[in-house]
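Owing to the predicted nature of the structure, the values given are computational and were not obtained by experimental measurement.
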Amino acid sequence: MGAGIAGLRTLYSLRKAGFDAQVLEASDEIGGVWNHNRYPGARCDVESFDYSYSFSKELEQEWVWSERYPTQPEILRYLNHVADRFDLRRDITINARVEAADYNEESATWTLTLHDGRKASSRYLVLCLGQLSAPKMPNYPGQDRFKGETIVSAMWPRREIDFTGKRVGIIGTGSSGMQMTPVIAQIAERVTVFQRTANFSVPAANAPLTEEEDRAVKADYEARREMTRNSPTGLGFQPGKKKTLEVSDEEREEAFEKAYHRLGFGFALTYPDILLDKDANRVASDFLRRKMGERVEDPEVREKLMPVTHGFGTRRPTVDSGYFEAFNRDNVDLADIREHPIEAFTETGIRTSQKHYPLDFVIFATGFDALTGALLKPRIAGRGGVTLKEKWAAGPITNMGLGTAGFPNLLIVGGPGSPTVLSNVMVSTELQVDWMTELLSHLRDAGVREIEVTREAEAAWNRHVAERVNETLYMTAQSFYNGGEVEGKPKVFMPYSGGVRHYRRLLEQCAADDYVGFALRSTPLATQPETQDAD
């Protein structure tokens with residue numbers, strides 16, 4: 001399910017391994033999040049050379065990226081090129097939104113029901129639905145009264161939208177809001193940014209890629225790939241050996257300056273304890289506040305733009321291109337809705353507790369129901385008809401993010417409990433897909449018909465995920481990492497914070513130990529005389 005980055009990679013790998021694989025895609029185009037997030041300024045926050053597939057040396061050499069950080073249109077072109085070059089489309093069905101998936105315990109197969117009543121069945125079901133692909137739908141009082149146009153950034157219309165001479169309200173200051181603000185500000189008559197939580201950001205330092213840079217990377221691409229695979233985040237950066245407070249103020253300032261102007265997200269790895277130690281984080285956060293503040297002229301606006309509710313990196317930071325400078329324009333306003341909340345929409349705009357803002361457009365850059373939202377959208381029923389939503393009512397529980405007990409022959413790419421949003425998703429996706437392909441090949445060769453996560457394994461993995469995050473500062477802030485972005489969502493930390501490199505070693509050990517933590521059965525459990533797990 002899903003023809004985004006993970007779905008395309010899974011299809012390629014399974015087909016190459018000799019499997020009959022089919023992809024069901026809800027949209028009328030491939031590309032996943034890069035198909036839907038078409039807002040102005042949409043851009044990846046991972047460098048182009050690293051936000052690309054590594055399975056084909058020919059693909060690596062022939063594709064030429066135009067900028068250091070790729071834009072949404074360029075990424076979508078790349079994914080379509082991959083689909084065409086490797087003839088993937090013949091095994092992709094578009095306009096095929098899965099409403100329900102039911103496991104048949106007797107035959108050990110999945111039956112899928114599509115939105116139009118069509119059925120599909122398979123031995124294995126692989127969910128490639130994305131971590132940030134289920135938009136949060138806002139619901140403000142009086143929202144239906146607004147006579148202007150409302151747009152959700154993650155569901156951006158494909159038609160051209162002209163903001164010339166228009167008054168635009170942008171609600172949200174995550175990546176989407178920070179990326180679109182400076183772009184729309186150059187066109188619109190007035191832009192009002194409605195900010196609930198000020199966010200940390202590091203300059204993208206984006207620039208066109210030269211032919212020399214392209215040749216240099218491609219001359220030794222494998223070495224670059226190895227660096228990403230062996231780094232904590234999949235970005236290729238290794239943290240320094242010394243801790244933040246072990247160096248002089250002058251040395252630390254120099255290191256921070258260098259990282260700030262070049263590394264993007266890599267700033268978090270300038271020193272190894274920035275996300276582990278409160279004092280180290282405070283020093284890094286203070287540096288970033290000072291640097292962000294230097295980019296804003298108005299002292300009152302500057303103060304409101306400084307994040308004070310959390311430390312750097314404890315919520316997902318952004319990599320921006322001119323966001324703070326946009327507030328130096330005469331046509332850009334900041335509405336602090338933490339201090340003055342939105343009370344209601346009116347026919348002509350938005351009213352906060354402080355004032356009324358007349359608007360022609362309102363853009364909801366309000367983020368996603370992260371990590372579990374897309375997985376829980378279809379009704380997925382495992383043993384005894386228990387749904388995934390019921391199983392995860394108190395929070396997701398998995399074994400290594402790959403599957404969950406009670407749902408045999410179900411695998412997840414980028415699931416909760418894996419590195420996902422704490423990593424370069426391209427690296428962690430390929431790692432999981434290659435491991436899954438080897439697993440399924442092993443099952444085929446061994447005559448295994450049913451595989452299922454054991455309850456002991458998922459309980460142990462959940463404890464491990466909790467233990468690793470307790471070593472960090474992630475739980476000191478409310479974020480989409482821990483369910484804080486959706487009211488009523490279980491407040492548990494969902495991604496794995498142990499790093500890509502360590503996660504890869506655990507996967508390798510699992511395979512070497514005959515896939516410990518998974519019950520492998522030559523006959524389905526439901527057909528066995530004694531219904532008990534047989535490892």
Query raised in the report: Going by distance alone, is a donor N or O of one side chain under 3.5 Å from an acceptor N or O of the other, for Asp91 and Gln22?
Result: yes
Query - Trace of the side-chain contact (heavy atoms from CB on, under 4.5 Å) decision for Arg225 with Ser52 - result: CA-CA 10 Å; Arg225 296 294 194 192; Ser52 60; 3.1 Å; yes
Query raised in the report: Salt bridge between Lys136 and Asp369, side-chain N to carboxylate O under 4.0 Å?
Result: no
Report task. May I ask you to check whether Glu67 and Asn206 show a side-chain donor-acceptor distance below 3.5 Å? Result -> yes
**Report entry** Set of residues satisfying ring pair (Phe, Tyr, Trp, His ring centres under 6.0 Å) with respect to Trp63, sequence neighbours excluded
**Finding:** Trp65, Tyr78, His81
Report task. Look at Glu325 together with Arg295 and state whether they make a salt bridge at an N to O cut-off of under 4.0 Å. Result -> yes
Report task. State whether a side-chain donor-acceptor pair under 3.5 Å links Glu29 with Ser27. Result -> no
**Report entry** Short N-O contact, Arg316 and Asp45, less than 4.0 angstrom
**Finding:** yes
**Report entry** CE-OH distance between Met292 and Tyr260, expressed to the nearest 0.5 angstrom
**Finding:** 7.5 Å
**Report entry** Lys/Arg-Asp/Glu bridge criterion (N-O < 4.0 Å) met for Arg224, Glu213
**Finding:** no
Query raised in the report: What pairs meet the ring pair (Phe, Tyr, Trp, His ring centres under 6.0 Å) rule with one or both residues in residues 182-212, with sequence neighbours excluded?
Result: Phe194-Tyr357, Phe200-His310, Phe200-Phe312
Query raised in the report: With no hydrogens and no angle check, do the side chains of Arg89 and Asn80 hold a donor and an acceptor under 3.5 Å apart?
Result: yes
Query raised in the report: Between Ser13 and Arg9, is any side-chain donor less than 3.5 angstrom from a side-chain acceptor?
Result: yes
Requested in this report: Would you mind checking if Glu508 and Arg505 are paired as a salt bridge, meaning a charged N to carboxylate O distance below 4.0 Å?
Outcome: no
Query raised in the report: Excluding sequence neighbours, so at least two apart, what forms ring pair (Phe, Tyr, Trp, His ring centres under 6.0 Å) with Tyr140?
Result: Phe345
**Report entry** Check ion pair Arg43-Asp320 (N to O, under 4.0 angstrom)
**Finding:** no
Report task. Ignoring hydrogens and angles, state whether a donor on the side chain of Gln432 or Tyr503 is under 3.5 Å from an acceptor on the partner side chain. Result -> yes
Requested in this report: Give the C-alpha distance, both sets of side-chain angles, the deciding distance and a yes or no for side-chain contact (heavy atoms from CB on, under 4.5 Å) between Ser321 and Gln179.
Outcome: CA-CA 7 Å; Ser321 298; Gln179 286 181 341; over 6 Å; no
Query raised in the report: Do Glu222 and Lys57 sit within salt-bridge range, that is, some charged N less than 4.0 Å from a carboxylate O?
Result: yes
